Amino acid sequence: MRRLESYLLDFLKLFQGLIAKNIKLEHLDISKVKTLCAVDVAYKGEEGYAVSVKFDGKNYEHYLVKGKVDFPYIPGFLFMREAPIMIKALSKYSCDLVLVDGHGLAHPRKSGIATVIGVLLDIPTIGVAKSRLTGNIVTEGEINYVIVNNEKVGVKSGKYFYSPGNRTDLNDVIELSKKGYPEILKIADRLSKQLKKE
DNA sequence: GCGACAG
DNA sequence: ATCTTGTCGC
């Protein structure tokens, strides 16, 4: 008998395959986004502090959700650990686009946490990660593409990786990456780490 | 078997 | 992600 965890991971891979099959890769004009949101999670032991931030073009708002996070971090399966609490934090707002801390299509099964959240909620998402999970970089002109299985699944700009989650496309992430690391993600990151201490 | 490995 | 002071460098 195999170990129980291997059955779960095999099943989760099937789930990710289903998510990937339901991705809607379509152009969302970033410049037309009126309400931009972002989510990040910080931890204090088993306590997770998820913060969603909303920017309407003028003011920032944020919403905090605290909760126990049991599931361990397993490369390729981050969504099992953070998607549940991130989705709760996002439930507070309605956004034209959500930036998720992590990868989207730049994943072994094209099912990073930004993709899972985007498909489950059927909303536009883009994954912005601070480091590589998989894929190689191929430069074409000014763009550093992230290639997985001979397919362009995202771009690398500076030290960050951008990839479509759902209802967005490669042009959207390229457009976003040109503006540098999103301020709203810095705010979400700072806020989550700050609020967990109070 | 070995190396890689989001947060 | 988190544990953690000072410190090397732009």
Side-chain angles (χ1 to χ4, degrees), chain A residues 5-6 8-10 12-13 15-17 19-20 23 37-53 64-90 98-120 125-138 144-166 168 170 173 176-177 180-182 184-198:
Chain A
E5 307 90 88
S6 75
L8 176 58
L9 294 188
D10 280 351
L12 292 180
K13 287 179 183 175
F15 174 78
Q16 291 180 316
I19 290 295
I23 296 172
C37 297
V39 279
D40 195 10
V41 185
Y43 300 88
K44 188 166 62 180
E46 298 266 278
E47 279 293 297
Y49 292 71
V51 172
S52 58
V53 180
L64 167 70
V65 169
K66 291 172 42 176
K68 185 171 184 176
V69 177
D70 281 314
F71 208 88
Y73 164 67
I74 301 174
F77 302 92
L78 174 65
F79 82 98
M80 283 297 288
R81 178 174 169 77
E82 304 193 333
I85 196 167
M86 277 187 168
I87 288 175
K88 284 184 183 176
L90 286 173
V98 175
L99 303 184
V100 180
D101 189 12
H103 293 285
L105 282 186
H107 177 279
R109 293 168 291 282
K110 303 175 75 168
S111 189
I113 189 168
T115 299
V116 175
I117 291 176
V119 172
L120 289 182
T125 60
I126 286 178
V128 182
K130 306 181 189 67
S131 60
R132 189 193 83 103
L133 170 60
T134 188
N136 302 307
I137 303 301
V138 172
N144 297 309
Y145 291 97
V146 176
I147 309 295
V148 176
N149 295 321
N150 298 307
E151 190 180 351
K152 292 175 181 172
V153 293
V155 301
K156 181 177 190 294
S157 180
K159 48 187 294 192
Y160 303 105
F161 297 75
Y162 305 74
S163 59
N166 186 49
T168 51
L170 215 45
V173 303
L176 180 69
S177 70
Y181 193 71
I184 194 169
L185 274 174
K186 296 180 185 175
I187 294 176
D189 179 71
R190 173 169 52 69
L191 236 36
S192 62
K193 288 175 180 172
Q194 177 186 314
L195 294 174
K196 76 176 183 181
K197 299 177 179 177
E198 318 180 342

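Proteins get letters first, then strands, A, B, ... in listed order; numbering begins at 1 in each. Owing to the predicted nature of the structure, the values given are computational and were not obtained by experimental measurement. Just so you know, these numbers use all the heavy atoms, side chains as well, and skip hydrogens, waters and symmetry mates.
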Which whole-number value in Å describes the distance from [X] [atom1] to [N] [atom2]?
{"X": "Asp189(A)", "N": "dT2(C)", "atom1": "CG", "atom2": "P", "result": "8 Å"}
{"X": "His103(A)", "N": "dC5(B)", "atom1": "NE2", "atom2": "C1'", "result": "10 Å"}
{"X": "Tyr162(A)", "N": "dA6(B)", "atom1": "OH", "atom2": "P", "result": "18 Å"}
{"X": "Lys197(A)", "N": "dC3(C)", "atom1": "NZ", "atom2": "P", "result": "8 Å"}
{"X": "Leu185(A)", "N": "dA1(C)", "atom1": "CG", "atom2": "P", "result": "12 Å"}
{"X": "Ile85(A)", "N": "dG7(B)", "atom1": "CD1", "atom2": "P", "result": "17 Å"}
{"X": "Phe161(A)", "N": "dA4(B)", "atom1": "CZ", "atom2": "C1'", "result": "13 Å"}
{"X": "His107(A)", "N": "dC5(B)", "atom1": "NE2", "atom2": "P", "result": "14 Å"}

Side chains of [X] and [Y]: does their closest heavy-atom pair fall under 4.5 Å?
{"X": "Leu133(A)", "Y": "Leu78(A)", "value": "no"}
{"X": "Tyr73(A)", "Y": "Tyr43(A)", "value": "no"}
{"X": "Val173(A)", "Y": "Leu105(A)", "value": "no"}
{"X": "Ile137(A)", "Y": "Phe161(A)", "value": "yes"}

Classify [X] by what it touches in the nucleic acid, base, sugar-phosphate, or nothing, heavy-atom distance under 4.0 Å.
{"X": "Tyr160(A)", "answer": "nothing"}
{"X": "Ala42(A)", "answer": "sugar-phosphate"}
{"X": "Gly76(A)", "answer": "base"}
{"X": "Ile113(A)", "answer": "base"}

Practice task
Examine distances only and state if a side-chain atom of Lys196(A) and a backbone atom of Lys44(A) form a donor-acceptor pair shorter than 3.5 Å.
Solution key: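 Here the side-chain-to-backbone pair does not exist.
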Result block: side-chain N/O donor-acceptor pairs under 3.5 angstrom for residues 109-119 of chain A, not counting sequence neighbours:
from      : atom 1 : to        : atom 2 : distance (Å)
Arg109(A) : NE     : Gln16(A)  : OE1    : 2.6
Arg109(A) : NH2    : Gln16(A)  : OE1    : 3.0
Lys110(A) : NZ     : Glu151(A) : OE1    : 3.4
Lys110(A) : NZ     : Glu151(A) : OE2    : 3.1
Thr115(A) : OG1    : Gly104(A) : O      : 3.3
Thr115(A) : OG1    : Gly165(A) : O      : 3.3

Handout entry: Tyr73(A) aromatic ring stacked with six-membered ring of dG7(B), 5.5 Å and 30°
Key =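 Check passed, Tyr73(A) stacks on base of dG7(B).
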Handout entry: Range-with-range stems for DNA chain B, at least three Watson-Crick or G-U pairs under 3.5 Å
Key =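 Stem list for DNA chain B: none, no run of 3+ pairs.
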Problem - salt_bridge(Asp101(A), Lys130(A)) N-O dist < 4.0 Å - result: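 Judged by the 4.0 Å cut-off on N to carboxylate O distance, Asp101(A) and Lys130(A) do form a salt bridge.
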Under 4.0 Å from OP1 or OP2 of [N]: is there any side-chain N or O of [X] that close?
{"X": "Arg132(A)", "N": "dC5(B)", "answer": "yes"}
{"X": "Lys130(A)", "N": "dA1(C)", "answer": "yes"}
{"X": "Lys196(A)", "N": "dA1(C)", "answer": "no"}
{"X": "Ser131(A)", "N": "dG7(B)", "answer": "yes"}

Practice task
Please confirm whether Lys152(A) makes a cation-pi placement over Tyr145(A), using NZ or CZ under 6.0 Å from the six-membered ring centre and within 45° of the ring normal.
Solution key: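 The answer is yes; both the distance and angle limits are met.
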Handout entry: Side chain of Pro75(A) (C-beta onward), nearest among dA6(B), dG7(B), dT2(C)
Key =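 Comparing dA6(B), dG7(B), dT2(C) against the side chain of Pro75(A), the answer is dA6(B).
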Exercise for the section: Return the nearest nucleotide to the side chain of Glu82(A); candidates are dG7(B), dT2(C), dA6(B). Expected result: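 Selected nucleotide: dG7(B).
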